[in-house]
Amino acid sequence: MVDPEVTVNGKRTAIGDVPVHTTALDWLRGLGLTGSKEGCAEGECGACAILVARPGVETPTDLVAINACLAPVGSLDGQEVWTAEGLGSAADLHPVQREMAVRGGSQCGYCTPGFVCSMAAEYYRSDRACGGDEHAPNGFDIHALSGNLCRCTGYRPIRDAAHALGVPPAEDPLAERRQHRAPEPVATQLTGGGREYLRPADWTEALRLRRDRPDAVFVAGATDWGVEVNIRGVRADCAVAIDRVPELQVLEFGTDVLEIGAGLSLTEMDRRLAGRVPLLSELIPQFASRLIRNAATLGGNLGTGSPIGDAAPVLLALGASLLLSSVDGEREVPLAEYFTGYRQSVRRPDELIRSVRIPLPLAGTTAFHKIAKRRFDDISSVAVAFALDLDDGLVRTAQIGLGGVAATPIRALRTEAALVGRPWNEETVHAAAEILRGEGTPMDDHRASAAYRAATLGRSLLKLHADSLEGARA
């Protein structure tokens, strides 16, 4: 095993003797690359954004923006990263930097390097081709900047800079870099202060570590664990990175099941699905920000057991199950039976989530309603996912997943029973909506009152009915 090192702006650099909980941001700033800043330390402001090389969807390599404040530096062992300093210089600005400058996209400059990195990732996105409701004529998806905050410039000049970008010329070094494979993950052992950061060589070793190291924290995208480290000062004697284990990177459509690896980033999952699961396509744009989705995984979101995680209600509505693995074998558990209490589940201490399995064919009428104080990049007050099959005006099947209304994500079983076998009309829907209002045990907190949560549950079913009728008329 070689000493951990990272290729930073084209230069191979040893990670060196640093505490194992050191973030990529702190390590980069220690190298003098101070463009990336710490703003929130929890992945909400984007001031820390950097670019990393990842296996591509349309090209051998994609350049992906992530929050350096959340990523452990050990997770970058053997990888390539670029900071704003590596994109251009004062004498030779990168096209993104030039447009930000000439269009007034920066005032104090604190957030600018993060914007530049997020914008550069979108600039180099290989399937950026055409306009649309959420895209500029140059194909730029402005939601690529949804995880970047600016407190003084305002967003119009930043948007103008994004919309002015052309296509990268063929001789652009980073455009050319996309045509070559991204670095493979390497086995990593970073030690210091009696603690370890490990990246197992393969899935077999990961499962062995899960069995033999009960003290270990297993980390995928680190979008949750990184917050614990930064904000709460949590330290683990042993952290094990499993985000890039090949067995966790699968996405396969079978004849009767779709299997999604637990370590696949949400962005890559979405791009590889290409709209073939409409309910997941509704979920993804409302799940945190692009910066978070570039690292976050389904396995991590479900592994935390949060009652307000956005993925669980959708997967419950899809009838998903989890494949749990240990050194002793594998077992498949329906997601509806997985959660047992607040942040608790049936997963044993020696098990890891290997994949999510969604039965096929999919229901024909689906919707995801996320109720939050902001439209994007916010935590749900209530999340509701619907998957119904309608046939000749009757509800043949109904699955409804709820989040934010109980100690765990739940299925709305009583509401489902009130719908199945009945006409899909106002009488049925209004009766079922009253039942839906009483599902779960919503509580008062700083996000919403119990009464508001109950009301939004009922309204969500009425909205689904109205939308379905409107779609049938279109």
Side-chain angles (χ1 to χ4, degrees), residues 133-134 253-258 260 269-270 273-287 298 309-321 334-336 356-372 375 380 382-405 409-440 453-474:
D133 291 342
E134 301 287 354
F253 277 89
T255 55
D256 58 359
V257 69
L258 162 64
I260 303 173
M269 177 193 75
D270 186 45
L273 285 174
R276 287 178 287 178
V277 184
L279 194 50
L280 287 174
S281 296
E282 285 194 63
L283 162 70
I284 293 301
Q286 300 181 69
F287 192 114
L298 285 182
D310 286 339
V314 167
L315 295 173
L316 284 169
L318 290 170
S321 61
L335 185 60
V356 176
R357 290 178 170 175
I358 298 172
L360 302 174
L362 301 170
T365 299
T366 60
F368 176 62
H369 298 163
K370 176 172 178 172
I371 294 88
R375 183 183 176 197
S380 296
V382 176
V384 188
F386 298 97
L388 281 65
D389 264 321
L390 308 178
D391 181 22
D392 197 23
L394 293 178
V395 181
R396 297 301 184 188
T397 65
Q399 296 188 133
I400 304 171
L402 308 179
V405 297
I410 60 172
R411 282 268 298 275
L413 297 175
R414 292 189 295 117
T415 307
E416 293 172 7
L419 290 170
V420 173
R422 291 174 170 80
W424 183 239
N425 58 28
E426 287 193 11
E427 181 181 357
T428 297
V429 170
H430 278 270
E434 283 302 309
I435 296 173
L436 186 54
R437 287 171 58 95
E439 298 271 19
R453 287 185 162 99
T456 57
L457 287 178
R459 297 298 301 175
S460 66
L461 184 57
L462 300 180
K463 175 175 169 54
L464 173 68
H465 181 249
D467 289 347
S468 71
L469 295 181
E470 183 176 335
R473 289 192 294 265

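Below, all heavy atoms of this structure are taken into account, side chains as well, without hydrogens, waters or symmetry copies.
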Using side chain to side chain contact (heavy atoms under 4.5 Å, CB included), reason through Met269 and Ile284 one step at a time and then give a plain yes or no.
CA-CA 9 Å; Met269 177 193 75; Ile284 293 301; 3.5 Å; yes

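- Judged purely by atom type and a 3.5 angstrom limit, Arg437 has no side-chain atom pairing as donor or acceptor with the backbone of Glu434.
- Remark: Thr456 engages no residue in a side-chain hydrogen bond (donor to acceptor under 3.5 Å, both in side chains) (not counting sequence neighbours).
- Minimum interatomic distance between Ala311 and Leu283 (heavy atoms only, all atoms of both residues): CA-CD2, 4.1 Å.
- Here Arg414 pairs with Ile435, Glu439 under the side-chain contact (heavy atoms from CB on, under 4.5 Å) rule; sequence neighbours left out.
- Checked against side-chain hydrogen bond (donor to acceptor under 3.5 Å, both in side chains), Thr365 has no partners two or more places apart in sequence or in another chain.
- Residues Pro359 and Gly319 come closest through the heavy atom pair CD-O, 3.3 Å.
- Listed by chain and residue number, nothing satisfies the ring pair (Phe, Tyr, Trp, His ring centres under 6.0 Å) test with Phe368 (two or more places apart in sequence, or in another chain).
- Partner of Leu280 under the side chain to side chain contact (heavy atoms under 4.5 Å, CB included) criterion, chosen from Asp270, Thr366, Leu318: Leu318.
- Expressed to the nearest 0.5 Å, how far CD of Glu426 lies from CG of Leu469 amounts to 7.5 Å.
- Taking all atoms of both residues into account, the shortest heavy-atom contact from Val356 to Ala320 is CG1-CB, 4.0 Å.
- Shown here are the salt bridge (Lys or Arg N to Asp or Glu O under 4.0 Å) partners of Arg422, two or more places apart in sequence or in another chain: there are none.
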Less than 3.5 Å apart, which donor and acceptor atoms pair up between the side chains of residues 459-466 and the rest of the protein, not counting sequence neighbours?
from, atom 1, to, atom 2, distance (Å)
Ser460, OG, Leu457, O, 2.5
Lys463, NZ, Asp467, OD2, 3.1

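- Of all heavy-atom pairs between Pro313 and Gly403, the closest is CG-N, 3.6 Å.
- Across all their heavy atoms, Ile410 and Gly440 have their closest contact at CD1-CA, 3.7 Å.
- Proximity of a side-chain donor or acceptor of Arg453 to a complementary backbone N or O of Gly404 within less than 3.5 Å is detected.
- Screening residues 384-402 for salt bridge (Lys or Arg N to Asp or Glu O under 4.0 Å), with sequence neighbours left out, gives Asp391-Arg396.
- In this structure, Ala372 and Ser380 approach most closely via the heavy-atom pair CB-CA, 4.3 Å.
- With rounding to the nearest 0.5 Å, the separation of CG in Leu279 from CZ in Phe386 is 10.5 Å.
- Among residues two or more places apart in sequence or in another chain, the side-chain contact (heavy atoms from CB on, under 4.5 Å) test is passed with Ala336 by Leu316, Arg411.
- Between Leu388 atom CG and Ser468 atom OG the span is 8.5 Å, to the nearest 0.5 Å.
- Rounding to the nearest 0.5 Å places NE2 of His369 at 12.5 Å from CG of Leu402.
- With contacts defined as side-chain heavy-atom distances shorter than 4.5 Å, the pair Asp310/Gln286 does not qualify.
- Scanning for side-chain contact (heavy atoms from CB on, under 4.5 Å) contacts around Pro423 gives Leu394, Asn425, Thr428, with sequence neighbours left out.
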